[in-house]
Structure formats: structure tokens, C-alpha cells
Visitor: 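Below is one structure. I have some questions about it.
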Protein chains: 2
Amino acid sequence: MSTLKDVAEIAGVSVSTVSYVLSGKKTVRPETLKRIQDAIKQVDYCPNLLASGLKTNLSKTIGVVMWDMQNNYSIEVLRVMEDTICKYGYCMIVCDSDQSPEKEKKNLRRLLARNIDGLILMGSGNNVLSSYRNAQIPIVCIDRAADEAFLTVQSDSVAGGQMGTEYLLSKGRRKILFLGYDLDFDFARKRLLGYKKAMELAGLSDEIHYEILPERSVKCAMDRVEKLLQDKFDYDAVFGCVDYFAIGAMNALIKHGYQVPEQVSILGFDGSDMGKLSIKELTAVAQPKQALGKAVVEYLMRLIRKEKIQEKCVLMEPYIIERETC
Amino acid sequence: MSTLKDVAEIAGVSVSTVSYVLSGKKTVRPETLKRIQDAIKQVDYCPNLLASGLKTNLSKTIGVVMWDMQNNYSIEVLRVMEDTICKYGYCMIVCDSDQSPEKEKKNLRRLLARNIDGLILMGSGNNVLSSYRNAQIPIVCIDRAADEAFLTVQSDSVAGGQMGTEYLLSKGRRKILFLGYDLDFDFARKRLLGYKKAMELAGLSDEIHYEILPERSVKCAMDRVEKLLQDKFDYDAVFGCVDYFAIGAMNALIKHGYQVPEQVSILGFDGSDMGKLSIKELTAVAQPKQALGKAVVEYLMRLIRKEKIQEKCVLMEPYIIERETC
DNA sequence: TTGAAAGCGCTAACAA
DNA sequence: TTGTTAGCGCTTTCAA
């Protein structure tokens with residue numbers, strides 16, 4: 001690989017002059033400029049970001065720590081993030097914590113050693129953030145329990161839960177089963193809360209029915225609904241706390257001969273592309289993944305530029321994707 | 001962040017001595033060692049890989065260029081890769097080419113500027129590799145058309161196509177519809193070839209039926225099968241070139257009242273986790289994603305260590321995941 | 001407008 | 001066994 005020095009020699013100038021051209025921080029004589037540009041092309045110069053990073057303490061790369069790379073929705077947001085990061089001239093180093101707090105902790109060091117300029121924490125791990133709190137770099141969280149130490153971008157889970165429930169009510173549904181997820185997760189608690197709130201507002205406090213499922217999988221939801229089906233199943237809608245649950249419920253119901261959505265409406269939450277795989281395309285409360293992914297990167301870039309940001313938590317509105325199950 | 005120098009001062013030794021301890025390349029007196037270890041702990045020293053990378057020309061990070069991050073199967077392999085890369089003490093920078101040759105080209109420069117030690121090219125883009133050919137770094141491809149310039153790790157698509165077809169034949173199926181994908185893709189051509197081969201070997205040359213679908217999506221396959229259903233559908237099995245197609249076919253058939261697998265068997269290809277979402281869990285020819293992800297990283301590490309590798313193309317055996325659709 | 005030179009944090013050859 | 005030092009490729013201050 002050729003270096004600044006190579007370019008400088010060919011152009012017959014000093015390295016600093018070349019550096020000025022590259023950074024655009026000083027003006028050079030047009031004639032010199034031309035010679036330098038030619039030389040850059042000639043040797044196909046590619047700057048060494050390790051070297052400039054060492055000097056400026058800016059690596060032009062940001063770290064992404066994912067709590068769970070198996071989550072389809074997270075990956076969809078990751079794509080948006082990579083696209084945005086790229087537009088800023090940055091790259092992203094991706095680490096998977098694989099739902100393990102130990103790995104999560106190790107990942108910080110891995111990234112710090114590489115001088116990342118900023119860090120995105122993604123996914124709903126809870127109180128595993130202690131070591132991150134005294135990392136001396138900008139950090140933004142997405143889809144993670146709000147922690148006062150960090151700026152957090154997330155969709156409004158309460159509003160989403162409420163919105164989804166109201167959507168079902170507007171379709172004439174009254175007996176809605178909510179399939180919730182482990183309430184240790186902030187988003188799960190809030191989505192359930194939104195469901196309850198909407199039911200109460202509609203004067204249906206007596207019709208609040210929910211089950212908490214221990215594992216984020218289709219199978220888990222399917223098994224649970226099949227068990228309900230064996231006893232008695234007296235609902236006209238199922239609202240899954242995550243798309244996985246809605247899909248599982250739909251599979252169970254269709255298998256047992258129910259008509260979806262005629263007899264039972266199914267509503268998911270997340271709006272992941274998974275919803276397009278199922279036998280009936282899943283209607284869902286969607287997180288605005290484009291907006292979220294873009295926003296989290298933009299906020300991080302502002303922090304990197306040392307802008308002061310007032311917000312501690314940025315909430316974005318979910319919306320309904322109408323497909324075939326409601 | 002504290003530096004080697006800080007540690008050295010606290011321990012009362014020179015930076016080189018600390019460096020020796022860290023790298024383990026020289027032995028130091030136990031007493032000195034202790035002092036240094038204490039100092040490292042005291043300041044919570046974290047090495048600066050930019051600096052060492054600049055010196056040694058080794059960044060301890062590898063680049064991954066994904067042709068298409070939307071592909072669920074690719075992401076599953078990516079997870080395995082990240083895990084393996086981590087075990088080697090490396091990190092990965094992930095770039096998404098988003099199916100665009102221009103982006104693919106830009107991604108190389110992005111990575112080269114960061115001094116990656118090696119590169120993994122993932123996904124089935126075809127002749128967009130010209131610029132990569134004279135990159136002076138180790139490159140390994142996975143799931144990509146074999147290019148004599150690079151070491152390639154992939155599963156044996158012909159064998160997989162054949163294996164899947166023979167599996168269906170062993171279940172008594174004779175009229176098998178193969179849903180193929182764009183034959184510009186190496187893997188798609190080979191999977192179809194495997195299907196044809198098995199049919200011929202079984203003396204069923206007259207029963208070779210296939211359709212080529214233009215787009216890797218569930219919807220595309222579903223629409224096509226529904227159209228066939230309107231004319232006449234005279235098959236007792238559908239073999240999808242990718243899981244997406246099999247799922248789409250299954251959805252169409254079940255919607256039209258067919259019993260799966262009693263009337264029609266459905267077989268996918270890839271063995272992605274998507275197969276666990278569908279109303280009947282998908283039986284599929286699986287690519288050994290654990291083995292593939294691990295192998296591609298291990299080969300790359302060997303290249304980074306300057307080992308000579310004879311293989312130009314490493315083929316791994318697919319296998320059948322028996323679930324509910326055959 | 002351009003150049004000389006110091007220094008970012010580390011490694012490793014060489015010296016002691 | 002330990003220390004001194006040059007230098008990796010770049011940025012940037014200061015001087016010309």
C-alpha cells in the first residue's frame with residue numbers, strides 16, 4: 001500500500017501539503033493541487049485510518065453491541081444502521097453478546113481497544129451496563145431499557161400496545177388475549193401496560209386476559225395456544241407482544257380449523273419481515289425501524305461531534321402495518 | 001485512557017518491559033512481572049490496537065462484505081462467524097453491499113483504509129469481484145460463485161439437490177416440482193442440476209418439472225404456485241431451491257386445502273431458522289452453517305498466518321433436517 | 001502557500 | 001533481564 005510519503009515524492013511536495021489537500025483544511029496553489037491529485041491517482045492512494053486515528057484519536061469506526069443477533073427485528077434495524085453509518089464515512093464493528101452478560105462485558109473491551117469513536121448498544125439486556133457507564137466514549141442505546149446514563153432511542157411501547165389494542169377494538173373485537181413476554185424486559189412490561197390501558201379506557205377492565213411466555217419463539221406461543229385450545233378458547237383476537245408470538249398463535253389456530261381473521265384476529269408487534277412469511281401475512285404494530293436506525297446513528301454522530309444533546313430518551317411513534325390477519 | 005507509558009511509570013520499568021509482558025514474547029523476572037501486573041490492574045490498562053496495528057501492520061480486525069444482509073440464512077452464518085472471530089481475539093467490520101455492485105466496490109476501500117488483516121466475501125454476487133482481485137490481503141469467500149482467485153468455502157449444492165430429491169423419492173414421491181432461482185447464481189444452477197441428476201438416476205427423466213422464479217421471496221413462490229393451482233397442479237412434492245420458495249409453496253397449498261405432507265411433500269433448501277416459523281415446520285436440505293461459518297474463519301486465519309493452503313474450493317456436505325413437511 | 005518536525009502508542013532491534 | 005530508541009503513517013503547529 002502506498003503512503004502519503006509516496007504521493008508527496010511523486011508530486012514533488014512535502015507530506016504536509018498532501019495532507020492539506022486530503023483534509024481540505026488548507027488551500028494549495030491550483031498547480032500544486034493538480035500535481036498532487038495526479039499522484040494520488042497514479043499510486044491509487046488509500047489513506048491509513050490507523051495512522052490518522054492514532055494521531056487524532058478518531059478511528060472513524062463505531063461499535064455495535066447486539067444483545068441478541070438471533071432476533072430478526074434487530075437485524076433489520078442493523079441494516080438501516082449500517083447504511084446510515086456508511087453515509088457518514090464510518091464503518092461498524094459488530095459484536096454479538098448472545099444474551100450473555102459476560103460476553104456483553106468483554107465486548108466493551110474488544111471495542112475500546114480498537115478506539116471506536118462511539119458505541120451503539122442494541123437490544124433489551126437490562127442491568128448489565130455497569131461497565132459501560134464509565135467508558136469515556138459517546139454511547140447511544142436502541143431498544144434497550146432506558147438507563148439514565150445513556151441517551152436512548154426507542155419506539156413508544158406503551159403507545160404501541162395501546163394503539164394495537166384500539167385497532168383490534170375498532171375491528172369489533174372485545175375478547176382479546178395478550179401474549180406477553182418476560183416482564184423483566186422493559187419493552188414487554190410497557191407493551192402489556194398499553195394493552196391494559198386501552199382495555200380500561202374502553203371500559204373493558206373485566207376483559208383483560210394475558211399470558212406471559214418465557215421464551216421468544218414461535219414454538220412457545222404455538223404450544224401455549226394449543227393448550228388453551230384444548231381447554232377452552234374464548235377469544236376473538238390475539239395480540240402478540242412480539243411478532244413471534246402472533247405467528248405462533250396464528251399457526252395453532254389455523255391448524256385447529258379456525259378462520260383468521262374471520263373468527264380470530266391476530267396482531268403482532270414489531271412489524272418484522274417475518275410477518276411476510278406466514279400463511280396469512282401478519283398485521284402488526286410496527287416499530288419505525290427505518291427512522292429508529294437512522295436516528296440512533298445521527299444522535300451518535302452528534303455526540304461524537306461534541307454537540308450537547310438535551311434529550312435523555314427519544315421515543316418514536318409506532319404505526320400499524322395492515323396485512324391479512326385483522 | 002491509560003497507555004503503556006503510564007503502566008511503565010507506575011511499575012518503575014520501561015515501556016518495552018511492559019510490552020514484553022503483554023505480548024509474552026520475552027520472560028521477565030517474577031518480581032518485575034508482579035509489579036507490572038499490579039500496575040496494569042491499577043490503571044485498568046487497555047491496549048491501543050491502532051498503535052500496535054500501525055507498527056505491526058496487523059489490525060486484529062477482519063472485514064466481512066455481505067452481498068445481501070436481508071438474507072436470513074446469511075445472517076445465521078454471520079453469527080457463527082462473529083463467534084469464531086471473537087475466539088481468535090479479532091473483531092469484524094460488517095459491510096452490506098445491498099445487492100449493489102457499486103456498493104460492493106466501495107466497501108473494499110472502506111475496509112482497506114482500516115487495515116483489515118483479512119476479508120470474508122459472503123453471498124452469491126457474481127462477477128463483481130475484479131477490484132478485489134488485486135487487494136493485497138487474504139480473502140476467503142463463502143456461499144459465493146467459486147472464483148479461482150480466492151479460496152472458497154461452500155456447501156455442495158449439486159449433492160444437496162440430489163440428496164433432497166432422493167429423500168423425496170424415498171418417501172414415495174414421483175412427481176416433484178422444483179422451484180428454481182435465477183440461474184445466474186452458481187448455487188441455483190447447481191441445486192437444479194442435482195435435482196435433475198437424481199431424477200435421471202431414478203429413471204424419471206420424463207418427470208423433471210421445474211419453474212424458475214425471479215425473486216427470492218415467499219410471495220413470489222406463493223403467487224406462482226397459486227397460479228399453477230388454478231390450472232392444474234399435478235405434483236406430489238415441491239422442492240424449493242431456497243427455504244423461501246418452499247414456505248411460499250406450502251402456504252399456497254395449505255390455503256387451497258391441500259394436506260401437507262399427506263398429499264404434497266414440501267422440501268426447502270438452506271435449513272434456515274425461518275423453517276421453524278411456518279405453520280408446519282419445514283423439512284429442508286440444510287447447509288451446515290455452523291461448520292461453514294467456522295471453516296471460513298479458520299481458513300482465513302491460516303491465510304493471515306501465511307500458511308500455504310492447497311485447496312481452492314472447500315465443499316461441505318449438506319444434510320436433511322427432518323421436520324414436518326415430508 | 002509550503003515545509004520541517006514533533007508526536008500519537010506501540011513494537012522490536014539493539015545495547016547494556 | 002531490562003532499557004533506549006527508531007519508526008509505523010498520519011496530523012498539525014510553527015516557521016519560512
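Throughout, protein chains are lettered first and strands after them, A, B, ... in sequence-line order, and every chain is numbered starting at 1. All values below were derived from every heavy atom in this structure, side-chain atoms included, with hydrogens, water molecules and symmetry-related copies excluded. Owing to the predicted nature of the structure, the values given are computational and were not obtained by experimental measurement.
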Visitor: Between S19(B) and S16(B), do the side chains contain a donor N or O and an acceptor N or O under 3.5 Å apart?
Guide: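 No.
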
Visitor: Give the C-alpha distance, both sets of side-chain angles, the deciding distance and a yes or no for side chain to side chain contact (heavy atoms under 4.5 Å, CB included) between L151(B) and I139(B).
Guide: CA-CA 7 Å; L151(B) 171 58; I139(B) 295 182; over 6 Å; no

Visitor: To the nearest 10 degrees, how far apart in direction are the end axes of the helix from dT1(C)-dA16(D) to dA16(C)-dT1(D), each fit to five base pairs?
Guide: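 Taking the rotation axis at each end, their angle is 40°.
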
Visitor: On DNA chain D, compare the nucleotides closest to S52(A) and T32(B); which residue's is nearer the 5' end?
Guide: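 The answer here is T32(B).
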
Visitor: Do V296(A) and M81(A) have side chains that get closer than 4.5 Å, going by heavy atoms?
Guide: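 Heavy-atom side-chain distance check passes, below 4.5 Å.
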
Visitor: Can you give me the closest heavy-atom contact between M122(B) and S74(B), atom names plus distance?
Guide: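 So the two residues come closest at CE-O, 3.2 Å.
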
Visitor: For DNA chain D, which nucleotides open and close the run of contacts to chain A, 5' to 3', at under 4.0 angstrom from a non-hydrogen atom?
Guide: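 The protein-touched segment is dG9(D) to dC14(D).
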
Visitor: Establish, from distance only, whether the side-chain atoms of T17(A) and S14(A) form a donor-acceptor pair under 3.5 Å.
Guide: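 Yes, a side-chain donor-acceptor pair sits under 3.5 Å.
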
Visitor: Toward the 5' end of DNA chain D, which comes first, A51(A) or L33(B), by nearest nucleotide?
Guide: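 So the residue in question is L33(B).
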
Visitor: Around E298(A), counting heavy atoms of other residues, nucleotides and ligands shown, do more than 12 lie under 6.0 Å from its CD?
Guide: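 Buried by this count: over 12 neighbours within 6.0 Å.
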
Visitor: What parts of residues 39-47 of chain B reach DNA chain C, counting only heavy atoms under 4.0 Å away?
Guide: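 Result for residues 39-47 of chain B: Y45(B), P47(B), sorted by number.
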
Visitor: Please tell me whether N72(A) and S272(A) have a donor and an acceptor in their side chains that are separated by less than 3.5 angstrom.
Guide: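 There is no such pair between these side chains.
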
Visitor: So which of L108(B), N107(B), L303(B) actually passes side-chain contact (heavy atoms from CB on, under 4.5 Å) with L119(B)?
Guide: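 That would be L108(B).
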
Visitor: Give, ordered by number, those residues of residues 10-20 of chain A having at least one heavy-atom distance below 4.0 Å to an atom of DNA chain D; if nothing qualifies, reply none.
Guide: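 Correct list: S16(A), S19(A), Y20(A).
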
Visitor: Check this for me: K103(A), atom NZ, are more than 12 non-hydrogen atoms of other residues, nucleotides or ligands nearer than 6.0 Å?
Guide: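 For K103(A), atom NZ is crowded (more than 12 foreign heavy atoms under 6.0 Å).
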
Visitor: Under the 6.0 Å and 45° cation-pi test, does K26(B) pair with Y20(B)?
Guide: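 Geometry flag: set, cation within 6.0 Å and 45°.
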
Visitor: Quick one, which residues of residues 22-29 of chain B touch DNA chain D with a heavy atom under 4.0 Å?
Guide: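 Output list: K26(B), T27(B), V28(B), R29(B).
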
Visitor: Between R109(B) and E104(B), is the closest basic N to carboxylate O distance under 4.0 Å?
Guide: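 So E104(B) does not pair with R109(B) through a salt bridge.
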
Visitor: Reading DNA chain C from 5' to 3', where do the contacts with chain B start and stop? Cut-off is 4.0 Å to heavy atoms.
Guide: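 The contact span of chain B on DNA chain C goes from dG9(C) to dC14(C).
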
Visitor: Would you call R305(A)-D117(A) a salt bridge at under 4.0 Å N-O?
Guide: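 Looking at R305(A) and D117(A), the cut-off is not met.
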
Visitor: Indicate yes or no: does D273(A) engage K289(A) in a salt bridge with an N to O separation below 4.0 Å.
Guide: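 Yes.
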
Visitor: Would you say K312(B) has more than 12 foreign heavy atoms packed within less than 6.0 Å of its NZ?
Guide: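 Enclosed: over 12 neighbouring heavy atoms sit under 6.0 Å from NZ of K312(B).
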
Visitor: Salt bridge check, D83(A) against R79(A): does any charged N sit closer than 4.0 Å to a carboxylate O?
Guide: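 So R79(A) does not pair with D83(A) through a salt bridge.
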
Visitor: Among side-chain atoms of Q287(A) and D270(A), is any donor-acceptor pair under 3.5 angstrom?
Guide: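 Q287(A) vs D270(A): donor-acceptor pair found between side chains.
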
Visitor: Just so I know, are the side chains of D68(A) and R216(A) near enough to count as touching, which here means a heavy-atom distance under 4.5 Å?
Guide: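 Contact flag for D68(A)/R216(A) side chains = yes.
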
